[in-house]
Amino acid sequence: MAARNFFKADLRELEFALLEQFQVEDLFGKAPYAAMTREDVKMILQEAHTFVSDVVGPTLQESDREGCQIAPNGKVTVPACLKPAWKAYFENGWNGLALPESRGGQSAPHLLDMAVLEMFTAANAAFAMYPGLTSGAAEVIARMGSPEQKKLFLPPMDTGRWAGTMLLTEAQAGSDVGLNAAKAVKNPDGSYSLTGTKIFISGGDQDLTENIIHLALARVEGAPKGTKGLSLFIVPKILVNPDGSLGAPNDVVCTGIEHKMGIHASATCTLSFGEKGKCVGYMVGGEPKAGVEPGAGMRKMFTMMNLARIGVGVQSLGVASTAYLNALEYARTRRQGAHLRKGRPPEGAVPIIQHPDVRRMLLEMKSQVEGCRALIYHAIRLQDQANIAAQTDPAKGEELLDYVGLFIPLVKAYVSDTALAVASTAMQVYGGAGYTRDYPAEQYMRDARIFPIYEGTNGIQAMDLVGRKLAQNGGALVGRFGEEAGSFAAKLKEQSAWNTEAGLLTRAVESYKKVVGDYMAFFTQDKMELIPLTGTRFLNLMAKIAIANLLLQGARLAEEKLAKTDPESRDGMFYRGKIASARFFTRNILPQAVAEAEIISSGDPTALDIPDGGFSTAW
Amino acid sequence: MKILVPVKQVMDVELNVRVAAGKVVEDGMTLVLSKWDENALEAAVQLKEAGTASEVVVVTVGPESAGETLRKAMAMGADRAVHVLDPAADGSDSLGVARVLAALGAKEKPDLILAGLQAQDTDMGGVGPMTAELMGIPCLSNVTKIEGTGPTLTIHRRGDQGREVIAVTLPALITANDSLNQPRLASLKGIMMAKKKPMDTLTLENLGAAGVAGAAHALTQIAEFQPPAARAAGRKFTGEPEVIAKEVFDLLVKEAKLVG
Ligand SMILES: Cc1cc2nc3c(=O)[nH]c(=O)nc-3n(C[C@H](O)[C@H](O)[C@H](O)COP(=O)(O)OP(=O)(O)OC[C@H]3O[C@@H](n4cnc5c(N)ncnc54)[C@H](O)[C@@H]3O)c2cc1C
Ligand SMILES: Cc1cc2nc3c(=O)[nH]c(=O)nc-3n(C[C@H](O)[C@H](O)[C@H](O)COP(=O)(O)OP(=O)(O)OC[C@H]3O[C@@H](n4cnc5c(N)ncnc54)[C@H](O)[C@@H]3O)c2cc1C
């Protein structure tokens, strides 16, 4: 039996987001981005959709069932069906959309790239991690590597001959990266000998590519403790000769793979290096110049983190979106129960989409998915604008990047938490069928469960928001956020049709501003623990305000377009759906943010005050 | 060998189509390359890759938006495109389109014309054979396999009695069955490179075909579109088999009027 394809994407919605609301065309032709057109966008979306449906979609269940295997010699095999997908992905150039032309890419803005990435991850999140990590590692080398390193490693990574990984985590160093114990000792030839063990390494070994370029954090002998003493090393699985040909295997061994809840097709590896004392690594960028502190590894990693974290947001969005669209299809065909007013049809039961409670679930998913998409596009568009500004006005570029930084924890944490909730609601729409392996809902839930955990847990994201970003630039970033949302709400008030929404948004913004003030007070009143205690709530509050704001802007746009469209046509239906998403979110979900704000402001210390022993019977 | 591939832009038939006042509402509909044309194009590109063909030219007779379809065809490997874009051609029936293609055929002088068996929207299947007739070249429809390098090709087609194997000497016109091949996916590079490939835009007059196409010269007209009738609700019968059988039979005779 041919593998089933559950991949679904709403191309009309992607076009709306890119072309109508977030106007990707504004970014085209401004360095570093290539001149592209509206037609290019439509065609790229459509052809990417066809590719993903044909090539990646059918691998979802098959690769999950087969999973990854490790042989006694440490060699890892990934599900066989991923090999042709990997090959076709690179042959068809889909990794190259946002790559610069100098590396054989199309120099598209990241905004467009994310829309395409969303489809790949919707089709098979575990598969999409392999190319995602490869391009991430290549990007580090492209930005920070020496000219020789770029020449040696980028071409095979850009064409899918070699893959890339990120090696941060160790058993004692997860969230606490500074506890990294991997060691690097300088060799006479300038290379380093590495020893250590990394865990949870995605794609740490696989049989998709002939070589793997690991980027590993390690501490040079004598470097200070903590994150600032860490350096970043290129550690090839197989050593590479100066002419680019493959040499001897490096002293890196995969000693095990994890047996996980989801993303079964992604090999999560324990890597041990230097067991024989012969693991060779090269410092990214070569030796730091005199005067530069030796351990600039973390800073190098940090510059990459924005994109990686937005990437997890996009992964989450892709899974949430396809989960919703599958549930929608099911709700249109599954018949159960009678219509509340019209009773039973001749078929005996009505499609469950007619039940109010099912409609609630569907619109909850729809508005959350579209809201998360808007949040991500808003952030990535700012990042693209920052990159454009940086070409001519570095200060302006920095300012924009700082503001992007405020949205990063929202994109990573809110979207990943929401994706899991959406996947769960999607299963609920299926009833018992959703709990079985006949439908994809159960896999979406399992796959989506990792997103709130890796790439900085959502708890760490909340700490980043309230611990760093809140006070950054003297509080200017959170101030700007409040001003933007507030002034949009004020403008919306002038529209009588949106009075209710304008009122709800205004109220949420006011409670947000109050919380920012309360945080200052907590600090001065020596109650600083209340800030991390409520960080996740604050993150949700901000995300919901940002999303309501963006969805309402989209709805206003849809309203204008609807006035010129047959309301029963495909476009008409689409625009009416956009308006409904914004109304529903603002009326049903945003008010939860106000409740969260009230909880924060109440300064409830119970969770701090409860004695540790009080949590359990085990004390 | 030069190959001409006529292609048509059609609405994505997988989507719900709204019909209002006897017309299909186009707002928001996605337009795609008709699927049998993809098979024709794939065959042409394969002949080029095999060194048998030297050039693959795609042509469409259609509105502004049909340019996207030409670009997609070039993304899949066609070398250049001709867009016959003329308001005077609006409302052409199959014969009108065939006349325009024949005029272009006279100008381009292809050795082989590779068309789709039928268009995915109207399922007419008329344009290919009519074009061949007007050009006075042999037509082989419903082709499942093409062998040889010319000037004589061996063609497999699905006929009334099963598979027919026919030798044809070029120039000729072939219409593609969808089992002819598996059309390739457009690569990202292909999509972006297609923008740089040559595309000529011609009017009917440029082709010396003024006054042969368009609504005024159509022999057939679409009076109106109607949405397909909604499928009536099914009915489940329960009870003793003999009783059910009788009940079903009576309904087939009286209501469905299928028997009797
Ligand atoms: C499938 C999978 C793939 C992965 N891929 C990679 C990879 O490719 N490369 C890589 O380097 N790593 C990878 N990781 C590791 C991942 O990034 C870590 O699991 C993550 O950073 C969390 O670290 P930890 O598991 O040690 O949890 P811990 O750090 O032990 O966290 C446990 C809990 O404590 C909380 N916590 C910890 N510290 C704090 C704090 N200071 N304040 C508040 N709360 C805190 C966390 O939020 C979490 O809820 C992967 C993990 C998995 C499961
Ligand atoms: C693991 C497992 C064990 C089970 N064990 C048993 C067992 O031992 N014995 C047994 O008899 N059954 C058992 N079941 C069946 C289980 O009780 C049903 O799956 C459940 O009642 C839901 O029915 P359904 O799956 O047909 O979903 P549906 O009824 O099709 O529901 C689909 C969705 O539509 C909604 N919906 C349906 N009708 C309405 C309505 N009128 N108004 C509003 N919303 C509506 C539902 O809430 C749900 O979200 C089991 C199921 C599973 C998965």
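No hydrogens, no waters, no symmetry mates; every other heavy atom, side chains included, goes into these values. A, B, ... follow the sequence lines: proteins, then strands. Residue 1 opens every chain.
Of the listed residues (M29(B), E68(B), R184(B)), the one with the most heavy-atom contacts under 4.5 Å to chain A is M29(B). Contact count against chain A (heavy-atom pairs under 4.5 Å) is highest for L15(B) among L15(B), N16(B), V32(B). Heavy-atom pairs under 4.5 Å with chain B were tallied for K42(A), R12(A), Q46(A), E15(A); the largest tally goes to Q46(A).
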- Message: salt bridge (charged side-chain N to carboxylate O under 4.0 Å, His left out) for E47(A) and K72(B)? Distances and angles first, verdict last.
- Response: CA-CA 9 Å; E47(A) 297 309 316; K72(B) 154 123 187 191; 3.1 Å; yes

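Surrounding CD of E247(B) are more than 12 heavy atoms belonging to other residues, nucleotides or ligands, all under 6.0 Å away. Crowding of E64(B) atom CD: a count of heavy atoms from other residues, nucleotides or ligands under 6.0 Å not exceeding 12. At most 12 heavy atoms of other shown residues, nucleotides or ligands fall within 6.0 angstrom of atom CD1 in I222(B). Shown here is R332(A), whose CZ atom has no more than 12 heavy atoms of other residues, nucleotides or ligands within 6.0 Å. Counting non-hydrogen atoms of other residues, nucleotides and ligands closer than 6.0 Å to CZ of R359(A) gives a total of 12 or fewer. At most 12 heavy atoms of other shown residues, nucleotides or ligands fall within 6.0 angstrom of atom CZ in R158(B). By the 6.0 Å contact criterion, CD on E26(B) is open, its count of non-hydrogen atoms from other residues, nucleotides or ligands being 12 or less.
Distance check, rounded to the nearest 0.5 Å: NZ of K189(B) to CD of E91(A) gives 11.5 Å. Taking CG of L185(B) as the reference point, atom CG of N92(A) lies at 6.0 Å (rounded to 0.5 Å).
Only the side chain of Q106(A) comes within less than 4.5 Å of a heavy atom of chain B; its backbone N, CA, C and O stay farther away. The contact between L97(A) and chain B is made by backbone and side chain atoms together, counting heavy-atom distances below 4.5 Å. With a 4.5 Å cut-off on non-hydrogen atoms, L31(B) touches chain A through its backbone but not through its side chain. For M36(A), the parts lying under 4.5 angstrom from a heavy atom of chain B are both the backbone and the side chain. Contacts of F51(A) with chain B are made by both backbone and side-chain atoms, with heavy-atom separations under 4.5 Å. Within the 4.5 angstrom heavy-atom criterion, atoms from both the backbone and the side chain of R71(B) approach chain A. Of the two parts of V55(A), only the side chain, counted from C-beta on, holds a non-hydrogen atom closer than 4.5 Å to a non-hydrogen atom of chain B. Using a 4.5 Å cut-off between heavy atoms, D54(A) touches chain B through its side chain atoms alone. Contact of A75(B) with chain A is made through the side chain alone, with heavy-atom distances under 4.5 Å.
Salt bridge absent: R570(A) and D27(B) never bring a charged side-chain N and a carboxylate O closer than 4.0 Å.
Scanning all heavy atoms of the two residues, the minimum distance from S569(A) to V25(B) falls at CB-CG1, 3.4 Å.
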